[in-house]
Protein chains: 2
Amino acid sequence: MNDSDPRATRTGRPRSTAADAAILEATRASLVDLGWSKLTMSDVANRAGVAKTTLYRRWAGKNELVVDAVAVLFDELELPDRGSLAADVQGVVLQFAALLERPEARTALMAVVAESTRDDSLRLRIRSAIVDRQKRLVLLGRERAQARGELRYEDDSSAAARNADLIFDVIAGAVVHRTLVSAEPVDSAWASGFTSLLLLGLAGAQAG
Amino acid sequence: MNDSDPRATRTGRPRSTAADAAILEATRASLVDLGWSKLTMSDVANRAGVAKTTLYRRWAGKNELVVDAVAVLFDELELPDRGSLAADVQGVVLQFAALLERPEARTALMAVVAESTRDDSLRLRIRSAIVDRQKRLVLLGRERAQARGELRYEDDSSAAARNADLIFDVIAGAVVHRTLVSAEPVDSAWASGFTSLLLLGLAGAQAG
DNA sequence: TTCCTTACGCTACGACCCGTAGCGTAACTG
DNA sequence: CAGTTACGCTACGGGTCGTAGCGTAAGGAA
């Protein structure tokens with residue numbers, strides 16, 4: 001979470017895991033009530049019933065705290081096998097969209113990404129805590145589609161990786177842009193339109 | 001810019017247009033040097049050689065100021081006719097990407113979008129100042145492709161609008177996500193891969 | 001138990017930014 | 001000329017930041 005290496009047996013009073021949970025919960029609550037820009041460390045500390053200094057002992061600042069607080073939302077992401085690539089893609093799209101409907105995520109995600117444009121360590125933290133959790137759904141969906149015979153197994157592994165990155169940016173980017181920039185709902189009609197566009201593109205790429 | 005209705009002939013001392021330009025220029029410079037989060041109204045005022053109160057007389061706050069400061073970058077967007085839909089799409093993608101390479105835009109765009117999730121008037125301001133300027137390129141590209149015979153003229157106008165919105169979210173979203181979230185470069189290789197994926201999808205939609 | 005070590009709560013602090021009020025002056029109009 | 005609006009400047013209360021210092025709490029080791 002924040003400690004680089006919590007060596008198993010250490011002397012002294014251990015950190016309160018209850019405080020950890022309370023702080024992250026309080027951070028999400030504060031995001032809902034106040035939004036990113038008005039969230040303050042003092043407010044989070046008050047909500048968590050914890051001293052402000054305790055926050056700073058664990059997180060360098062607001063950026064890191066919010067990333068960790070929002071990251072757990074992405075653990076809920078799942079990809080049940082819906083039987084076809086089209087159904088799986090639509091499932092991923094609707095899950096991303098549902099996540100972006102939550103006010104904690106809406107206000108926090110773009111903000112931390114914006115911060116990360118000037119903070120490499122924050123960018124890496126976001127990648128491992130959030131982006132990789134999303135991307136694994138795309139990789140899983142591809143594997144399934146290959147097992148079904150809907151997609152070819154690619155022999156050039158680096159090209160395959162580039163391809164997966166492209167698909168991921170297209171899916172996640174489109175959903176985020178639709179939700180937060182265009183500010184229009186990702187309903188099942190939009191999801192199916194997007195899915196068919198993407199799948200027709202993939203089918204065309206398979207063909208020639 | 002900020003005044004709702006600058007009725008032509010007004011009495012009193014007119015607002016300095018030189019100050020307007022200096023302020024917006026100073027805002028971009030501050031974005032480059034400090035980034036969104038560390039930009040302050042006082043710093044902008046100092047750079048512009050203007051009193052802080054002058055800023056507040058024209059803009060409600062940092063959000064509105066930065067939107068206007070960055071909006072002019074999107075005026076540079078053009079879409080020369082490159083002879084085919086594929087070339088035009090690739091042109092748009094590379095232009096968006098070049099814009100997102102600029103540090104003012106990188107740090108400001110996601111930040112104001114994040115703010116707009118809790119501020120409807122800011123969202124509308126972003127839409128008219130930035131998003132619509134991008135979207136018009138997509139609409140222009142579609143018209144040209146239709147004139148060339150690469151795309152059909154759609155009879156259902158509301159479906160056509162939904163389709164254009166979808167394409168726009170896909171293009172802009174993918175480029176933004178690739179650049180700011182994945183933090184990978186949008187080079188011509190990626191642009192051509194993305195373009196062919198999109199065009200194959202569109203071709204498939206035309207067919208069946 | 002008694003030390004040792006680390007975590008916690010609390011208070012206080014200087015530094016900074018915010019947004020506004022008040023005032024005298026500058027610029028333009030009729 | 002008088003009237004009106006914009007500007008620069010100063011000053012202010014209110015808020016957040018991040019840290020230091022201290023006494024206390026909660027574990028492990030001798």
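Naming: A, B, ... by sequence-line order, numbering from 1 per chain. Both backbone and side-chain heavy atoms feed into the values below; hydrogens, waters and symmetry mates do not.
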Determine whether any donor atom in the side chain of A:Arg57 lies under 3.5 Å from an acceptor atom in the base of C:dG9, or the reverse, and answer yes or no. yes

Without decimals, in angstroms, what is the distance between B:Tyr56 OH and D:dA6 P? 18 Å

Say whether, by atom type as modelled, one donor and one acceptor occur between the side chain of B:Thr179 and the main chain of B:Val175 under 3.5 angstrom. yes

Could you tell me the separation between the CZ atom of A:Arg13 and the P atom of C:dT6, rounded to a whole number of Å? 14 Å

Could you tell me the separation between the NZ atom of A:Lys38 and the P atom of C:dC18, rounded to a whole number of Å? 14 Å

B:Arg10 side-chain N/O to D:dA6 phosphate OP1/OP2 under 4.0 Å: yes

Would you check if B:Glu115 and A:Trp36 make a side-chain contact, meaning some heavy-atom pair closer than 4.5 Å? yes

Grab the CG-P distance between A:Leu55 and D:dT19 for me, whole Å please. 13 Å

Does B:Thr40 or B:Pro14 map to a spot on DNA chain C nearer the 5' end, using the closest nucleotide for each? B:Thr40

Tell me which residues in residues 44-54 of chain B lie within less than 4.0 Å of DNA chain D, going by non-hydrogen atoms. B:Gly49, B:Val50, B:Ala51, B:Thr53, B:Thr54

Distance below 4.0 Å between B:Arg15 side-chain N/O and D:dA6 OP1 or OP2: yes

Salt bridge between A:Asp20 and A:Arg15, side-chain N to carboxylate O under 4.0 Å? no

From A:Met110 CE over to B:Leu180 CG, what is the distance, rounded to the nearest 0.5 angstrom? 8.5 Å

Before accepting this row, confirm whether a basic side-chain N of the pair A:Arg102/A:Glu76 lies closer than 4.0 Å to the acidic partner's carboxylate O. yes

Tell me the interatomic distance from A:Trp59, atom CH2, to C:dA7, atom C1', rounded to whole angstroms. 14 Å

Euclidean distance, atom CD1 of residue B:Ile23 to atom C1' of D:dG8 [Å, nearest integer]: 12 Å

Could you tell me whether B:Arg125 and B:Asp119 make a salt bridge, using a distance below 4.0 angstrom between a side-chain N and a carboxylate O? no

Atom-pair distance (CG on B:Asp43; C1' on C:dC18), nearest Å: 14 Å

So, does A:Ser116 use its side chain to make a donor-acceptor pair with the main chain of A:Val113 at under 3.5 Å? yes

